[in-house]
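A short worksheet on the structure shown next.
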Amino acid sequence: QVCYIDEDTETLYTLNDAINTAQAGSTIHLTADAEFNEKEGATNNRMTIGKALTIDGTNGDDKFTIRFNAEAQIMGRSATVTFTNVKLDLNKKRIRTDNAGAKLVFGNGTLVTGGSGVNGGAVQVNNTSELVLEEGSTITDCHADTSNGGAIFVNGGTVTVNSGARIENCTTSGGGGAIHVQGTAGKLNLLGGVITGNHASGSGSGIYMYEGTLSVSGDAVVTGNTRTSDSATRNIQLTSADQLTLSGSPESFRATRKGV
């Protein structure tokens with residue numbers, strides 16, 4: 001028993017039981033390291049979350065760890081799942097958001113690491129769903145197997161990276177060492193943050209905009225990423241100049257256009 005719901009500190013649950021029991025809008029508080037397991041009766045090694053929840057891992061000045069033994073799927077028109085101050089050891093799994101209204105938020109103090117998957121080493125964002133990286137969140141050391149998006153694969157969804165967020169040390173054998181975007185509805189909003197130290201064998205050492213739109217503003221920095229296919233770094237690679245919108249000060253343009 002590793003967590004409680006809202007203010008009821010007397011009733012403890014496993015993480016899966018807490019997710020199933022909690023009312024929409026509740027906060028699950030970890031009291032120890034936890035495991036995220038396949039939903040009982042499932043045959044796809046997946047646990048689906050279909051409601052709004054916050055999962056907080058605060059442990060004094062430190063944070064608890066959630067180890068993923070199954071893939072997490074966020075699905076539902078009001079399913080906003082927020083992680084705060086917790087380490088997510090994806091354990092060669094990933095998280096996916098799968099339909100309009102589904103939203104995943106990595107809040108302050110969230111560290112996401114160890115993920116692996118086909119198209120998206122940490123998160124796959126599908127079908128107009130959303131992913132938000134808030135200040136103080138980090139995705140690191142994830143890998144996309146024989147596919148694209150070392151950290152994040154966007155397939156018609158929207159990703160927003162805020163100031164103070166980081167994506168680093170992720171790899172892919174395809175395009176987009178950190179982020180790969182496809183689908184005409186795909187959107188990447190860089191409002192800030194740092195994307196660095198990622199590697200792609202194919203196009204876009206940091207970001208590859210195969211399709212969709214990229215909006216850059218604030219203090220976003222995409223630099224120090226590498227790729228195998230040739231000597232050109234291409235921290236951000238577009239298929240069309242029409243995909244890019246820049247706003248803010250000229251200083252932020254200089255910071256974000258390195259490698260474009």
Side-chain angles (χ1 to χ4, degrees), residues 15-16 18-28 36-55 66 68-84 86 88 90 93-107 110 112 115-134 137 139 142 144-145 147-162 165 167 174 176 178-191 207-215 243:
L15 180 57
N16 278 50
I19 290 170
N20 290 329
T21 302
Q23 297 296 310
S26 293
T27 297
I28 296 171
F36 187 92
N37 295 311
E38 181 180 51
K39 185 176 181 179
E40 185 175 353
T43 59
N44 55 5
N45 195 32
R46 185 178 296 170
M47 172 68 175
T48 299
I49 304 175
K51 54 191 169 187
L53 291 174
T54 296
I55 301 175
I66 299 174
F68 282 63
N69 298 322
E71 181 179 82
Q73 179 185 42
I74 299 169
M75 191 170 184
R77 293 193 174 276
S78 58
T80 297
V81 177
T82 302
F83 291 96
T84 57
V86 64
L88 303 182
L90 295 181
K93 308 296 189 300
R94 67 174 178 191
I95 304 171
R96 55 187 292 162
T97 57
D98 270 344
N99 65 343
K103 184 175 182 179
L104 172 63
V105 180
F106 293 144
T110 299
V112 184
S116 181
V118 175
N119 287 329
V123 184
Q124 186 179 101
V125 187
N126 299 308
N127 303 326
T128 68
S129 61
E130 294 183 62
L131 167 66
V132 178
L133 277 68
E134 294 188 341
S137 64
I139 301 176
C142 294
D145 297 325
S147 56
N148 303 297
I152 301 166
F153 180 83
V154 182
N155 183 24
T158 298
V159 172
T160 300
V161 180
N162 287 292
I167 303 174
I179 303 172
H180 174 102
V181 179
Q182 71 178 43
T184 55
K187 297 179 183 178
L188 175 57
N189 302 315
L190 295 183
L191 309 184
I207 297 168
Y208 183 39
M209 298 295 302
Y210 178 73
E211 294 172 311
T213 57
L214 169 63
S215 177
Q243 293 174 289

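This chain uses plain numbering: 1 for the first residue, then up along the sequence.
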Checklist entry - What is the distance from atom OG1 of T110 to atom CG of L104, rounded to the nearest 0.5 Å? => result 9.0 Å
Item to check | Check ion pair E71-K93 (N to O, under 4.0 angstrom) | outcome: no
Next on the checklist: For the backbone of T128 and the side chain of K187, can you confirm whether one donor and one acceptor N or O come within less than 3.5 Å of each other?
Outcome noted: no
When the side chains of residues 96-103 are checked against the rest of the protein, which donor-acceptor pairs come out under 3.5 Å, sequence neighbours left out?
| unit_1 | atom_1 | unit_2 | atom_2 | d |
| --- | --- | --- | --- | --- |
| R96 | NE | D98 | OD1 | 3.2 |
| R96 | NE | D98 | OD2 | 2.9 |
| R96 | NH2 | D98 | OD1 | 3.3 |
| R96 | NH2 | D98 | OD2 | 3.4 |
| T97 | OG1 | S129 | OG | 2.7 |
| D98 | OD1 | N126 | ND2 | 2.7 |
| D98 | OD2 | Q73 | NE2 | 2.6 |
| N99 | OD1 | G76 | N | 3.0 |

Checklist entry - Looking at residues at least two apart in the chain, or sitting in another chain, which of them share a side-chain contact (heavy atoms from CB on, under 4.5 Å) with A79? => result I74
Checklist entry - Can you find a pair of side-chain heavy atoms, one from I167 and one from L133, that are under 4.5 Å apart? => result yes
Checklist entry - Which heavy atom in G183 sits nearest to a heavy atom in E211, and how many Å separate them? => result N-OE1, 2.6 Å
Next on the checklist: Any non-hydrogen side-chain atom of L214 less than 4.5 Å from a side-chain atom of V181?
Outcome noted: no
Item to check | Heavy-atom check, side chain of F68 versus side chain of R94, under 4.5 Å | outcome: no
Next on the checklist: Test side-chain contact (heavy atoms from CB on, under 4.5 Å) on Q182 and F153; report intermediate values, then the result.
Outcome noted: CA-CA 8 Å; Q182 71 178 43; F153 180 83; 3.5 Å; yes
Next on the checklist: Using side-chain heavy atoms (C-beta onward) and a distance below 4.5 Å, is I19 in contact with F36?
Outcome noted: yes
Checklist outcome for this item: On a heavy-atom basis, the closest approach of A144 and G120 is CB-N, 4.1 Å
Item to check | E38: which of N16, N69, N45 passes side-chain contact (heavy atoms from CB on, under 4.5 Å) | outcome: N45
Checklist entry - Is any side-chain heavy atom of L190 less than 4.5 Å from a side-chain heavy atom of I207? => result yes
Checklist entry - How close do S147 and G117 get, heavy atom to heavy atom, and via which atoms? => result OG-O, 3.7 Å
Checklist entry - Can you find a heavy atom in the side chain of F106 that is under 4.5 Å from one in the side chain of L131? => result yes
Item to check | Minimal non-hydrogen separation, E134 against S137, with atom names | outcome: O-OG, 2.6 Å
Checklist entry - Which pair of non-hydrogen atoms, one from I139 and one from A122, has the smallest distance, and what is that distance? => result CG2-CB, 3.9 Å
Checklist entry - Is there a side-chain contact between F83 and I66, using heavy atoms and a 4.5 Å cut-off? => result yes
Item to check | Residue that, paired with N148, satisfies side-chain contact (heavy atoms from CB on, under 4.5 Å) out of V154, N119, I179, N155 | outcome: N119
